[in-house]
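Chain naming here is simple, since letters A, B, ... match the order of the sequence lines and numbering starts at 1 in each.
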Amino acid sequence: MSMRKLGSILLLAGATAVLATAAASAGPLSGKRIAGLPNTCSKPVGHGKYVIASDFPLQGSLRPLSVQMVEAVKLELKKMHYKIGKYSVQFVSCDDSTAAKGSWDPQTCTNNANSYKSVTNLLGVIGTYNSGCAEIIAPIINRAPGGGIPMVSPANTYVGLTKKSGVAGEPQKYFPTGKRNYARVAVPDNFQGAADALYLKHRHIKRVYVLNDAEAYGLGIANNFVRAAKKLGLTVLGNSKWDASQPNYQSLYQGIASKHPQAIFLAGIVSNNGGQLIKDKVSVLGNNTKVLLLASDGFNDSATPKDAGNSAAGMFITIGGSDPNKLSNPTGRAFVKAFRKAYHVKHLEAYTAYAGQALLVLAHAINKSDGSRLSIDKHLFKQKFPKGIIGSFKIDSSGDPSLGGVTVDVVKHGNIKAVTTVNPPLSLAKAALG
Amino acid sequence: MGTSVGTAAETSRRPSFALVPRLRSRAVAVVGILLLALVAFWLVENAVHDIRQFALVSLNGITNGSIYALVAIGYTLVYGILELINFAHGDVFSWGAMITYSVAISWLGASGHSGIALFGILAVGLVCAALFCATLNMAVERVAYRRLRNAPRLAPLITAIGMSFVLSNLIAVVYGFNYVSSEPLLPRGALFTIGGQAYGWDKLIVLLITVPTLVSLMIVVKRTRWGKAMRATAQNRDAARLMGIDVDRAIAFAFGLGGALAGIGGFVYLVYFTQGRFDLGFRIGLFAFTAAVLGGIGNILGAALGGYLIGFIENYNSGLTWHAPGPSWTESLVFILLILILVFRPHGLLGESLSTRS
Amino acid sequence: MRRPRLPALPAATRTPLARLLVAACFCALLIYPWIYSKYLTTTLTQWLPDTSTAFVILAFTVMGLGLNFVVGYAGLLDLGYVAFFAAGAYIAGFLASEQFANAGSVVFGGTVLPGTPGIHLSPWLVILIAAIFTALLGIVIGIPTLRLRGDYLAIVTLGFGEIIPQFVRNGDNLGGFNLTNGSFGMNGIDGLGFGNRVHHAIHALPANFLNELDSRWYYWTALALVVVTIVSSILLRDSRLGRAWIAIREDEDAAAAMGVPLMRTKTLSYAIGAFFGGAAGALITLQAGATSPDAFSLQVSIFVLSMVILGGIGNVWGVALGGILLAYVNYKGLFAAGNTFNSTFGTNVDIPEYSYLIYGVAIVLFMLVRPEGLIPSARRRAELHEEEEEENLVPESSTA
Amino acid sequence: MTANGGQPLLELEDVQVFYGAIHALKGVSLRVDDGQIVTLIGANGAGKSTTLRTISGLLRPRTGSMRFDGKDIVRASSQRIVRFGIAQAPEGRQLFSRMTVLENLEMGAFQRSDRREIAADLDRVYELFPRLAERQAQKAGTLSGGEQQMCAIGRALLARPRLLMLDEPSMGLSPNLVDRIFEVIADINRQGTTVLLVEQNAARALEIADRGYVLETGRVTLADSAAALRSNERVRASYLGES
């Protein structure tokens, strides 16, 4: 008993001591933190009067992807020596996820947004990754005093953020002041869904079964795909959800097998047990030449061939725009080279190049503006980037990139290799919207 | 009252039922039978609809159920002796899968072998996983629960949740947040086929490991000295002390036994599904605990039965084609079944009233 | 039949010092937004939550206090409290957004412009309706399940905590009807505020908190809800109902033998706990402007339960303190500690990556050192004291 | 000081036990000589069971000394105490209700490994209580009260104790059975086992005992030979129901 008490006291004393030294020595080093920014933000890098923030889920399974996006933004800023035109800027990386959830958290998104609103010298936000989080942040920072805070997302693909998607109030409800402040460089999901359907038609597929991971992204793209496929005359045998926490899917595929599909379309992200999903597909329905397997860009991740092993061989994976590891334009190649060198990595995650591009879009608008937020907002739209990292494109009047091209990759010898590019006609992309 | 068949002690301990008098037993029984009939009808209709499909899905149910059963027993053993929902148990199971991966696949390179060599490697993996998890579970008990034996009832529960976070995130520290995965280890060639679908060694091995494990567990618990000590401690801790049983050791034994089973479960999982991740134990653990409650907590056979039941639900729900709600409702169905069973049979399928313990 | 009177619990508020302490804490919380802005530029900032975060911390504290009715007072272990959070959140979504645009425009005190499609009730009404609905849901869930004892109840509540989010997730197609938007969740939910009519009448009251520069208004609303919850907790605890709860917690059979109606008493604790869970859920949703099924995981139930247990089961002040501390750690403390650690030791440890691990270790250590919680209720303290004295003592009623 | 001149087998000196703030034993001293039957009598809550639980190591005294066969047992764990040769049939029987009668009896011999001897002891118990032999495959929870008591005593005997402690063995039994139980206790003692008997039925206990102690609110208030206690005025008034 006395031992126990002694132990507790020692433990408490130790903890207090650590905290005390930490607090005492924290002073001089952390004085630079930017007033008003949310707790979840890092200390700033760079020097300057103005601030640019990024907003990504830095905890949980998306962390590697998010970290590279932050690094890409930093890389581009460093190249500019933290000066955008006449404005010198500092950069902070904010986190929209929580430890307890391990993924983005609506509450945290709200808090981040509210904090951004109170930072008057914040020039813009690069983010978010999750469209759901953007849906929360966009309307809040739209009401910021002095005009909506400019926001450019490298990865939001949800259609309704910028254009009508069939959900009531979209997209106006994200911009309550009526003045838009949001643009993105990622290719919206309807293009990808349309391209996926088109590609299957090219391969003479007539009967397809769709599986989605029941998350907003997967469900959205599945719906886009189903509409486009129907428009193209394909038979959609079913569109059902897979349960990411289920240990395996053999029974699911055995049910599907009785419908004799020629192709399976997976709409979702690989970290939702995608490896098992592919393994079981092959073990029940046969290899990917027998029954074609096509997956959306959530599978365009080195984890897919790693997790699914040989079962992934021959499966197709699409990605809106271009694979950062295989950019063919000179600006893009230079970016990839610089990135690999700066951070000692080989593989670039799906949206790394897009994050760099998103910063450039924001920087371009800042450059052209008079320095006020409203002016930056105005210049976000109708920009042209003939030599962008992700190719030549422009941002249209609703904030979407003109890039509708979708890359189709195939998994071969454990690597994801580009096969072809599909450019769905605008009419099909519109049909995918429903 | 005469409404419930139970010992005198039990009836006197359940005054709350007196609020809803006889009506309960009669009406509830009718509703229960109707529900059972409905489920039976659904199953029969599906079987008639496509018998081969039904058979295939049933086999999957047995395979998955085996894993749930192995994990569920660990919950039931610990609950039986400490009345503690050992939330960390699911993560001990995850460790079993990861250790199997490290030993059998990373170190011994199981995927490159076949025949006797493969068998040997797998045997080593199995033993390592079981030993590691037994030790781990005992260590958890020693570090986190033993000091709290006389603490307020909910303190160990929260500690168990904390341990669950610790164990699963230690996996993330060691193996990263992503899946570890391997090629199929066992030949998937058909032992027999149903409707063109193979039933291969990979599925058979699940049963070849689970069934002997369950049988030897029953023998250990029924016949061995420490098995008996464990049961005695679970039933009456003070009396067990008076018999000269080292109660701490008996409890540690329960944890060790449960851990070993979880390790074997983890081994089976990795060999059959060939992948794993730090959060593997969350859902499996949740379902396994539900299985333990379904079967009647504290009852080993009940836990196994509950495990198989959940395996069937999961697979019937995702694999049957005639009016199945689909995999996105699996969790709801499992928990609805749990609620129904507890309403109709408050002590689970095979459970005896807890109140017989003193 | 006369019910026996149990001796009232000695409450923390009975001594003048404790009263002073409570008053001081309340004042500090009241002026917190100013404290925060005053120290905005000092090193302290990285340890202080901003007002938005402080709002969330307080809102979760309300949930902890709500759960305390169930777990702390009545002794019913509930592992599915998140179900009530979800119910409150979605009720708020239904009654203050464009979700039911087909219903035309019903702007009844809502914080949007007249003519906006969908149902937009006054947010204060929404919180109340959400709370009442959730309380009813608590009764509906409670009636079949509260007969179960102890851990059987726990596992059933856990089941409900899983079923309800799954229902919400699959609720975009209930026989063709889209109730919940499924995985997409709901967004564009109105903010708090007094509505245009009130704003026109009393200009001091803002029509919509969203247009305010900072989140002070939200923060004070949450603080008010915390106060309401604490006051209700104390009043109910000292009432006949409260004594009945404690009697059930101590010994269900004895309580029944003394004439305490078990089902009614238990169901009431469930309903009242649900009431505050629903209110907090609605409040959080009205501030966030969005909600989605991802927000309702088992982790949230565990998080809230940890508040109750870490704080000191059954003690209002303990639970309030535990709630504030734990929510602080989750939403602010871990980051601050991580940043400080890195800048102190010049390391670059990726704290968020280990946050769950740290959280787990902290919980285990805390429970080992202080299993009775921060401020245990007097009764529990007595029980525990007893056991510390006699380490080997196994509680036994026949001898003492 | 001893009546029968045996060696002291168990000695308690000034043992104090607390339940939290409750001072349950306020300094109990007693001694049990080898071969004797010693009885503790007293009202409900006087501390009789607490004394037995303390001797068995289920409770720990705050102060005082306890010696068994010359060895200090204050700090010994309950399993070591059993190994030293103290077995208890606790109040309320405390059987393992979901185990069979045979399993219960076997649990009594938990620390022994001499199979043959155990079998012999089992036969001896069946001889003492033929009913148990009939019911050996039955779950202990389904036995009648008397049978449960037999099982509890049998279980304790299987430890082959030097000191058998019985806590209220006659409680709740029919008069016939009470007679039988006391006969058996005397029998066991004759076969060489020392007995420490806690009883409310003081009259019967003092009949078969050599020595007795009267416990009142955690204190020994009287200690004497059983015969002397039987004739003590206060004992007669308070515990033997005579006025």
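The residue among D:R93, D:E103, D:M107, D:M165 with the most heavy atom pairs within less than 4.5 Å of chain B is D:M107. Annotation: maximal heavy-atom pairing with chain D below 4.5 Å, among B:A232, B:A240, B:A239, occurs at B:A232. Across D:R80, D:R155, D:R83, the residue that shares the most heavy-atom pairs under 4.5 angstrom with chain B is D:R155.
Applying the salt bridge (charged side-chain N to carboxylate O under 4.0 Å, His left out) test to pairs two or more places apart or on separate chains, those with a residue in residues 217-229 of chain B are B:K228-D:E106. Each salt bridge (charged side-chain N to carboxylate O under 4.0 Å, His left out) pair with one or both residues in residues 165-177 of chain D, not counting sequence neighbours, appears once here: D:K48-D:E168.
With respect to D:D114 and D:R116, no salt bridge is recorded, no charged nitrogen being found less than 4.0 Å from a carboxylate O.
No option in D:H23, D:K26, D:R62 other than D:H23 meets the side-chain hydrogen bond (donor to acceptor under 3.5 Å, both in side chains) test with D:Q16.
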